[in-house]
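Here is how names work: the chains are called A, B, and so on, in the same order as the sequence lines, proteins then strands, and each is numbered from 1. In this text, all values refer to a predicted model and were calculated from it rather than measured experimentally. All values below were derived from every heavy atom in this structure, side-chain atoms included, with hydrogens, water molecules and symmetry-related copies excluded.
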Amino acid sequence: MRFTSLLAPTLKDDPADAETVSHKLLVRAGMIRQVARGIYDFLPLGLRALRRVEAIVRCELDAVGCQEILMPMVCPAELWQESGRWTHYGKELLRLRDRQDRDFCLGPTHEELVTDIARRDLRSYRELPRNLYQIQTKFRDEIRPRFGLMLGREFVMKDGYSFHIDRADAEREYRLMFDTYSRIFERCGLRFRAVEADTGAIGGSLSHEFQVLAESGEDAIAACTRCSYAANAEKAEVRAPSASTGTSRARESVHTPDQGRIEDVARFLGLPESAFIKTLIFVREDGSTLAALVRGDHQLAEAKLRSASGASTLALADAATVERVTGAPVGFAGPVGLAGPVFVDRALHGIRGATCGANRADTHLVGVEHGRDFGDNAIFADLRQAISGDGCARCGEGHYALHRGIEVGQVFYLGTKYSSSMGATVLDAAGEARPLEMGCYGIGISRTVAAAIEQSHDDDGIIWPRALAPFAVEIVPVSMRDEAVITTAEALHRELNAARVDTLLDDRDERPGVKFKDADLIGLPLRATIGAKGLARGIIEVRRRDDGSVEEIPVEGAVARLRELAT
RNA sequence: CGGGGAGUAGCUCAGCUUGGUAGAGCACUGCGUUCGGGACGCAGGGGGCGCAGGUUCAACUCCUGUCUCCCCGACCA
C-alpha cells in the first residue's frame, strides 16, 4: 500500500475530546473518527487492525469446531418478549419501530436470536454439541460511553453460543473455550489474565473474564500472589479476618453537625476511617429495604451483597427512603436499633469501640460494639471489595495483589435460562424432550484493539503487537527526489508484497522528519529506512518500533531478512 | 438523570469581561529554497462564530430556549 493513496489523516495535536491514550492515538494516527458519542468510523488503518483481531478469532474458533453464522442486527421484539428481556434489559436496549409499527431493537447480544435458531433447527441429541458464533456490530445505548473504542455504544463483538445435551458437556465446552480464548489473546500478543467473574445480569453460574492488564483499565482484579486464583475485585472472596478489632468502651452519642461523610466525621472526631461502620440502605426489586454494613475504609461489593441477600436487583436507596428507614437524613445511619435485615461484612464481626451514625440528624455514636449494641438481626457474609493485601480465601495462605484490567472477553456457562424460557429442546437418547444446556462466549473485538494500544505505546505513538499491526513493515524512502532511493524503495515494496509481507510505502514527498514522526505514531513493528547514504554502502536500515533497535541489512537479500524479522 | 466544562477555519485554540461586523499556530494551494527526526520565504484560499429566537442603529460578544460533545457521580450512611 502506498501512503499517497491511503486515507490516513494523521494529526499533530491530541483531539480535544479524547482522554485515554488509545483514544488519542487511534484518532491521531488516523485510524478512527468519532461520528456521534460512542460511535466511530473505522478508517483503513484502524479497520486493518480490527480485521487482524477478527482473523485470529476466526482461525482459533474454527480450529476447535465452532461455526460462524451471521444474525441480524435488527431484532424483532417478539423474541425478546419471549425471554422476558424486552422489559428487563433496560434503557441500554435501543428500541425502534418500523413503518408497520412493529417493535424491534438493535441487538446488544444475541441469546434470543441464537436460541431461536437452535429450537428450530436442532431436534436431537445426535446433532449436539454445536457451537455457533458471529462477528458483528452490536449496539448498547450506554449511559455514559467513553474512552473511544473502550466503551462505545456501537462496537464490534464476537459472540458465540454453544448447545449441549447436559451440563457435563457444556462444562467441557466451557473449558475448551477457556483454552481457546487464552490462545487467542496470546496470539494477539497481549498480556492478560483470566479471572473469575460475577455472572451479572445475563445470569448463569460459571464465568471467567479475560482481562488485558493495563494501568488505565476500568476493572480492578485481585490476583493471589501464592496460588493461581484471580478474580474481579468485585467478586474475589476475602478470607475472614482472624481477630476482632478495637477496644471496648462505653457507648455515647456525639454531636456531629453537618458531618455526613465518614471522611469528614473521621477528621472531625480525630478517628481513623477503619474505626467506622458504614451503613448503606438498599431497596430490593419488590420495594423492601435492607441495610448493608462494611467497615469505614472498605468498599461494598454490590454483587456480593446481591448473592448474600438473594436479591436479583438492588439499588441504593434515595434520600427519602433512607430517612424513612433510619429516621435520619443521609449520612447518619447506623446499625444500632435499626430494624429489618442487616447484612454485615465479616470484618465487622466482634468489632468494638466503633463509630457509626446514630439514626438521628447530626449525631454519631462512638464506642459501638458488635453483640452488645447491634447484631440480633445481623447476617454476616463476605460483602466487601478485595483490596491489596487481603488474604486469599482460595489457598488460605497467599494475599491479593491488585491489578487494573480491561475486559476483552468473557466465557459463561448459561445453563437452560434461555432454552427453557424459549422452549428450545431436543430429544435425548430415551426420546425425552430436554431443554438445551447452553454456554455463551464473547470477545470485544474493537475493544481488544484499544486495549492493545493501552498496553503498548510510548510518547511517540502506538507500538502494535506484530499480530495486530495494520501492516508489518513501513518503507521510508528518505527522499522522493533521489532516483536510486526511489527505485530501491519501489522494488522492496513490490517484492515484500509478493512475499506476502504487508507493506506500507511512505511515498509522500515529505521531509524525512515528517515521515519518521508519522511512522512512530502509526506504530508498525518494522521500519525500513532507505537513504542515499545507506545505499552508497549497499545497506537499508531496519528499525524495530518496540525497542528502537536498529539493524543494517544489505540491499541484496533485504526481502528475505525483512520477512524473517516480520514473523 | 444530577453536577461541572465546552461548541469560533480541516485540527488545536485566542477573541466575548468593557457589542462596532473574526484572528493565531498547524493543515491546505502556488512558486522558490531545502531534504536522515514534525524546514523556510513569498503569495494565496477557506469560517461569519452549534442552532433558533430576542434586545440593539449594530451581536462571536448581552438575554431566552434548544441541540451536540467532554469530564465527574454509592464511597455517603
Interatomic distance, A:Gln299 CD vs B:G73 P [rounded to whole Å]: 12 Å

Any donor-acceptor N/O pair under 3.5 Å between B:G38 base and A:Glu510 side chain: no

P gap between B:U34 and B:G48, integer Å: 40 Å

Nearest-neighbour nucleotide for the A:Arg481 side chain, B:G38, B:C35, B:C13 considered: B:C35

Rounded distance (Å) that lies between atom P of B:C35 and atom CG of A:Asp509: 13 Å

Under-3.5 Å donor-acceptor pair between A:Arg37 side chain and B:U68 base: no

For atom NZ of A:Lys12 and atom C1' of B:C11, their distance in whole Å: 11 Å

Whether over 12 other heavy atoms sit under 6.0 Å from A:Arg404 CZ: yes

Sugar-phosphate, base or nothing in reach of A:Ile277, heavy atoms under 4.0 Å: sugar-phosphate

Side-chain donor-acceptor pair present, A:Thr503, A:His493, cut-off under 3.5 Å: no

In B:G50, glycosidic geometry as syn within 90° of 0 or anti otherwise: anti

Nearest-angstrom distance from the residue atom CD1 of A:Ile143 to P of B:G73: 13 Å

Rounded distance in Å between the P positions of B:G41 and B:C26: 9 Å

Contact nearer the 5' end of RNA chain B, comparing A:Arg146 with A:Asp14: A:Asp14

Pair A:Thr137, A:Glu154: side-chain N/O donor-acceptor within cut-off below 3.5 Å: no

B:A6 to B:A52 separation - P atoms, rounded to the nearest Å: 22 Å

Sugar-phosphate, base or nothing in reach of A:Pro9, heavy atoms under 4.0 Å: nothing

Atom pair distance, as rounded to whole Å: CZ in A:Arg511 and C1' in B:C40: 8 Å

Touch class at under 4.0 angstrom, heavy-atom based, for A:Glu541 against every strand present: base

RNA chain B: 5'-proximal contact among A:Tyr40 and A:Cys356 (nearest heavy atom): A:Tyr40

CA sep, side-chain torsions, deciding dist, call: A:Thr256, A:His364, side-chain hydrogen bond (donor to acceptor under 3.5 Å, both in side chains): CA-CA 6 Å; A:Thr256 50; A:His364 278 74; 2.8 Å; yes

Complementary nucleotide for B:G73 - Watson-Crick or wobble, under 3.5 Å: B:C1

Distance-only side-chain donor-acceptor flag, A:Asn232 / A:Glu209, under 3.5 Å: yes

Value in whole Å for how far the P atom of B:C11 lies from CG of A:Asp17: 10 Å

Sugar-phosphate, base or nothing in reach of A:Asp482, heavy atoms under 4.0 Å: nothing

Touch class at under 4.0 angstrom, heavy-atom based, for A:Arg543 against every strand present: base

Between B:U64 and B:G5 - P atom distance, rounded Å: 15 Å

Phosphate-side-chain proximity, A:Gln385 and B:C75, N/O vs OP1/OP2 below 4.0 Å: no

Nearest-angstrom distance from the residue atom CG of A:Asp13 to P of B:A24: 17 Å

Touch class at under 4.0 angstrom, heavy-atom based, for A:Asn359 against every strand present: nothing

Near-ring test A:Phe380/A:His370, centroid separation under 6.0 angstrom: yes

Interatomic distance where NE2 belongs to A:His23 and P belongs to B:C11 [whole Å]: 14 Å

hbond_proxy A:Arg527 side chain to B:G36 base (donor-acceptor, 3.5 Å cutoff): no

For B:U61, the Watson-Crick or wobble counterpart (both distances under 3.5 Å): none

Pair A:Lys278 + A:Asp297, salt bridge at N-O below 4.0 Å: no

